[in-house]
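Notes for the one structure printed next.
Quick note: residue numbers are just sequence positions, from 1.
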Amino acid sequence: IIEILAVFLGMNDNETTQARLFIGQESMLIQIVLNYLAEVVDKVLSSTKNSKSEDPNMQRNVILSLRFVANISFKCRNNQDIMRSPLPPSRQFKSEEESDGMANRT
């Protein structure tokens, strides 16, 4: 579904612009995709750096998610503002804990 939306939202016409606005205002899809990307980044960063095994499905999902986020925000200030909003508190707390842990290691 994300792939279809990513391709559709990449078009530049009035209907697509209205669809971008509607999806941003009436659903949590942007936040869900951004949280998914944050989880993937956390997973990649926490994995061993010497590991050569890359999951092609994860790579494809990340690319599709990034394409979706880029296309849904194209010429749509409301959706850009949604993406600029702070992460949910539970996510912020986890990130702060991780950064504190990293600071103590250096």
Just how far is it from atom CG of Asn79 to atom CG of Leu9, taken to the nearest 0.5 Å?
9.0 Å
Work out which heavy atom in Gln80 is nearest to a heavy atom in Ser73; give both atom names and the distance.
NE2-O, 2.9 Å
Let me confirm one number: the CG-CE distance from Asn78 to Met83, rounded to the nearest 0.5 Å.
10.0 Å
How long is the straight-line distance from CZ of Arg20 back to NZ of Lys75, given to the nearest 0.5 Å?
8.0 Å
Which atoms form the tightest heavy-atom contact between Phe8 and Ala19, and what is the distance?
CE2-CB, 3.6 Å
The side chain to side chain donor-acceptor pair (under 3.5 Å) partners of Asp13 (sequence neighbours excluded) come to Thr16
Within a reach of under 6.0 Å around CZ of Arg77, are more than 12 heavy atoms found that belong to other residues, nucleotides or ligands?
no
If you measure from CD1 on Ile4 to CG on Leu64, what distance do you get to the nearest 0.5 Å?
10.5 Å
Check for me, please, whether Tyr36 and Ile82 land in the same ILVMFWY cluster - side-chain distances under 4.5 Å, paths through other members count.
yes
Any Val33 side-chain heavy atom under 4.5 Å of Ile2 side chain:
yes
N/O donor-acceptor pairs under 3.5 Å from side chains in residues 24-32, not counting sequence neighbours:
residue	atom	partner	partner atom	Å
Ser27	OG	Ile23	O	2.6
Ser27	OG	Leu29	N	3.3

Grouping I, L, V, M, F, W and Y whenever their side-chain heavy atoms are under 4.5 Å apart, do Leu34 and Ile1 come out in a common cluster?
yes
Tell me whether Phe68 is reachable from Leu21 by hopping between hydrophobic residues (I, L, V, M, F, W, Y) whose side-chain heavy atoms are closer than 4.5 Å.
no
Are Phe22 and Met11 linked, directly or through intermediate hydrophobic residues, by side-chain heavy-atom contacts shorter than 4.5 Å (ILVMFWY only)?
no
